[in-house]
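Below you'll find the structure, written out as structure tokens, and then a few comments.
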There are 2 protein chains.
Amino acid sequence: MKKLEPLKKKMLSDPAVRKAYDELAPEYEIARELIKARSRAGLTQSDVAKLMGTTQSVIARMESGSALPSMNSLVRYAKVTGSRAVVKLVADRNN
Amino acid sequence: MKKLEPLKKKMLSDPAVRKAYDELAPEYEIARELIKARSRAGLTQSDVAKLMGTTQSVIARMESGSALPSMNSLVRYAKVTGSRAVVKLVADRNN
DNA sequence: CGGACATATAGCAAAATTGCTATATCATGA
DNA sequence: TCATGATATAGCAATTTTGCTATATGTCCG
């Protein structure tokens, strides 16, 4: 299943594509983290919503990666899914 | 320099204190990450501001922990300081 | 098929963050 | 002391996220 890597690399060498990717990637990365945490906790979006004191559509939106959430939301989401939000800024030459 | 740990533990056993601490902690944790990244890059707040296309006061506010920033800001800040924002929701029984 | 349950999207108001200007504080060196 | 560079804070407008209701999709049984 690693056959896509070369193509990916090639596409990312296009500056325009690269820029879009760089800005988009974090949203999906976070979305994946959210979904992982929620399934680990065995909760539905409605469950999480109720626990966070909001509605299911809000959770769906966060997990869809249609926008970068605030740390506030992230921390609250983490809390109700039995997780802890860890944020690090790691040195990275390639950016 | 570990003498404060027992006191800290005791204080946190007070529910009211604990709640305030839980909500406050992430802001300062993030602020510390920001400042670390910036000094690693050898930049001033004004430098970062310019690179991000904003002003020094905005950076000062982010680093003061007076509010939880958005992932958007975090990612942009990371980028100009030669870092990468890593967000993880790690399983954590104690919360 | 028809009914539950889970997730996704739209549209708008409310709330929070961001951007900005101005100014304050603080440390350092000439 | 004065000047300079760096960081902090205030106040307000602009932008973004959040919260909400309603509705759409999609899936899995019975």
Side-chain angles (χ1 to χ4, degrees), chain A residues 19-20 22-83 85-89, chain B residues 19-89:
Chain A
K19 186 171 185 302
D22 280 349
E23 284 170 6
L24 218 51
E27 308 180 358
Y28 294 121
E29 225 175 276
I30 291 167
R32 278 194 297 274
E33 281 296 311
L34 294 175
I35 296 171
K36 258 199 309 187
R38 179 164 64 82
S39 49
R40 203 163 47 216
L43 300 171
T44 67
Q45 291 185 342
S46 296
D47 292 336
V48 173
K50 217 158 306 198
L51 289 167
M52 281 177 69
T54 184
T55 58
Q56 177 266 329
S57 68
V58 170
I59 307 303
R61 184 169 49 198
M62 286 181 76
E63 294 183 356
S64 78
S66 65
L68 283 166
S70 69
M71 282 306 307
N72 199 331
S73 300
L74 227 56
V75 168
R76 285 188 302 134
Y77 185 108
K79 199 162 301 197
V80 305
T81 53
S83 311
V86 176
V87 177
K88 294 230 175 304
L89 267 60
Chain B
K19 185 170 186 304
Y21 177 85
D22 281 348
E23 284 170 6
L24 218 50
E27 308 181 358
Y28 294 121
E29 225 175 276
I30 291 167
R32 278 194 298 273
E33 280 297 311
L34 294 175
I35 295 171
K36 260 200 306 188
R38 180 165 65 82
S39 48
R40 202 161 51 214
L43 300 170
T44 66
Q45 291 185 342
S46 296
D47 293 335
V48 173
K50 218 158 306 197
L51 290 167
M52 281 178 68
T54 184
T55 57
Q56 178 266 329
S57 69
V58 170
I59 308 303
R61 184 171 47 198
M62 286 182 76
E63 295 183 355
S64 78
S66 65
L68 282 167
S70 69
M71 281 307 307
N72 200 331
S73 301
L74 227 55
V75 168
R76 287 187 301 134
Y77 186 109
K79 198 162 301 196
V80 305
T81 54
S83 310
R84 192 165 40 89
V86 176
V87 177
K88 293 230 175 304
L89 266 61

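Quick note on labels: first sequence line is chain A, next is B, and so on, each numbered from 1.
- Ranking D/dT9, D/dT7, D/dT18 by closeness to the B/Ser64 side chain, first place goes to D/dT9.
- Between the CG atom of B/Leu68 and the P atom of C/dT17 there is a distance of 7 Å, given to the nearest Å.
- Looking at A/Glu29 and A/Arg32, no side-chain N of the basic residue comes within less than 4.0 Å of a carboxylate O on the acidic one, giving no salt bridge.
- Atom CD of B/Gln45 is separated from atom P of C/dC20 by 16 Å (rounded to the nearest Å).
- Counting heavy atoms from C-beta on, the side chains of A/Leu68 and B/Ser70 never come closer than 4.5 Å.
- Between B/Ile59 and B/Met52, some side-chain heavy-atom pair lies under the 4.5 Å cut-off.
- Closest to the side chain of B/Thr54, from the set D/dG19, D/dT17, C/dC20, is C/dC20.
- For the 3.5 Å distance criterion, the side chains of A/Glu63 and A/Tyr77 qualify, holding a donor opposite an acceptor.
- Under 3.5 Å, the side chain of A/Ser57 and the base of D/dT21 form at least one donor-acceptor pair of N or O atoms.
- Distances were taken from every side-chain heavy atom of B/Ser70 (C-beta onward) to each of D/dT17, C/dT18, C/dT9; the shortest belongs to C/dT18.
- Atom pair A/Gln56:CD and D/dT21:P shows a separation of 12 Å (rounding to whole Å applied).
- Among the protein residues, A/Thr55 comes within range of the nucleic acid bases, having at least one heavy atom under 4.0 Å from a base atom.
- Rounded to an integer number of Å, the gap from CG of B/Leu43 to P of D/dT7 is 10 Å.
- Of the two residues contacting DNA chain D, namely A/Val58 and B/Thr44, the nearest-nucleotide position lying further toward the 5' end is that of B/Thr44.
- Put simply, CE on A/Met62 is 6 Å from P on D/dT18, counting in whole angstrom units.
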B/Leu34 and B/Val48: side-chain contact (heavy atoms from CB on, under 4.5 Å), yes or no, with the steps? CA-CA 11 Å; B/Leu34 294 175; B/Val48 173; over 6 Å; no
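- Between B/Arg61 atom CZ and C/dC20 atom P there is a gap of 11 Å when expressed in whole angstrom units.
- When the C1' atom of D/dT18 is taken as reference, atom CZ of A/Arg76 falls 8 Å away, rounded to whole Å.
- Between the CG atom of A/Leu74 and the C1' atom of C/dA16 there is a distance of 16 Å, given to the nearest Å.
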